[in-house]
Amino acid sequence: MKTLSLLSGTVHTLPADLKKTLVAHPDAAAAWNDITPLARNEWLCWVESAKLIETRERRVERTYTELIEGMRRPCCWPGCMHREKNGK
């Protein structure tokens, strides 16, 4: 059995709900591991910035579906406000 290693972003770590979803969708997990740490960080910040649980659930679902569709970053997202301006 092959184990699946999912990587985190530069500032944010992979939360359990998103990890569970990515593990359940191997194509999305492969796309996740193929994007840069900064791109993963954008998805993580976008998911974690949701104020309502319903919004977070929709964002987790959109993350895996949009990764499968080839998107590398969340659409219409100004970017992670937690990352330093020097790219770290």
**OP:** Flag the pair Arg62 / Pro74 as yes when at least one side-chain heavy-atom distance between them is below 4.5 Å, and no otherwise.
**Re:** no
Subject >> Thr21 and Thr63, any side-chain heavy atoms less than 4.5 Å apart >> reply: no
**OP:** Determine yes or no for a side-chain-to-main-chain donor-acceptor pair under 3.5 angstrom, with Thr65 supplying the side chain and Glu61 the backbone.
**Re:** yes
Original post:
Below 4.5 Å, heavy atoms only, C-beta onward: do Arg73 and Leu38 meet side chain to side chain?
Top reply: yes
**OP:** Check whether any side-chain heavy atom of Arg72 sits under 4.5 Å from a side-chain heavy atom of Asp34, and report yes or no.
**Re:** yes
Subject >> Leu44 and Thr13, any side-chain heavy atoms less than 4.5 Å apart >> reply: no
**OP:** Taking all heavy atoms of Arg59 and all of Ser49, pick out the closest pair and write down the distance.
**Re:** NH1-OG, 3.1 Å
Original post:
Any idea which heavy atoms bring His12 and Glu48 closest together, and the distance?
Top reply: ND1-OE1, 3.1 Å
Subject >> Rounded distance (nearest 0.5 Å) linking atom CD of Glu69 with atom OH of Tyr64 >> reply: 10.5 Å
Subject >> Donor-acceptor pair, side chain of Trp32 and main chain of Leu7, under 3.5 angstrom >> reply: yes
Original post:
Under 3.5 Å, is there a donor-acceptor pair between the side chain of Asp27 and the main chain of Ile68?
Top reply: no
Original post:
Which value, rounded to the nearest 0.5 Å, describes the distance between Ile35 atom CD1 and Trp43 atom CH2?
Top reply: 7.5 Å
Subject >> Nearest heavy atoms of Ala29 and Leu22, plus distance in Å >> reply: CB-O, 3.4 Å
**OP:** Looking only at non-hydrogen atoms, find the nearest pair between Lys19 and Leu14 and report the distance.
**Re:** CB-CD2, 3.8 Å
Original post:
Rounded to the nearest 0.5 Å, what separation is found between the CZ atom of Arg58 and the CG atom of Leu52?
Top reply: 8.0 Å
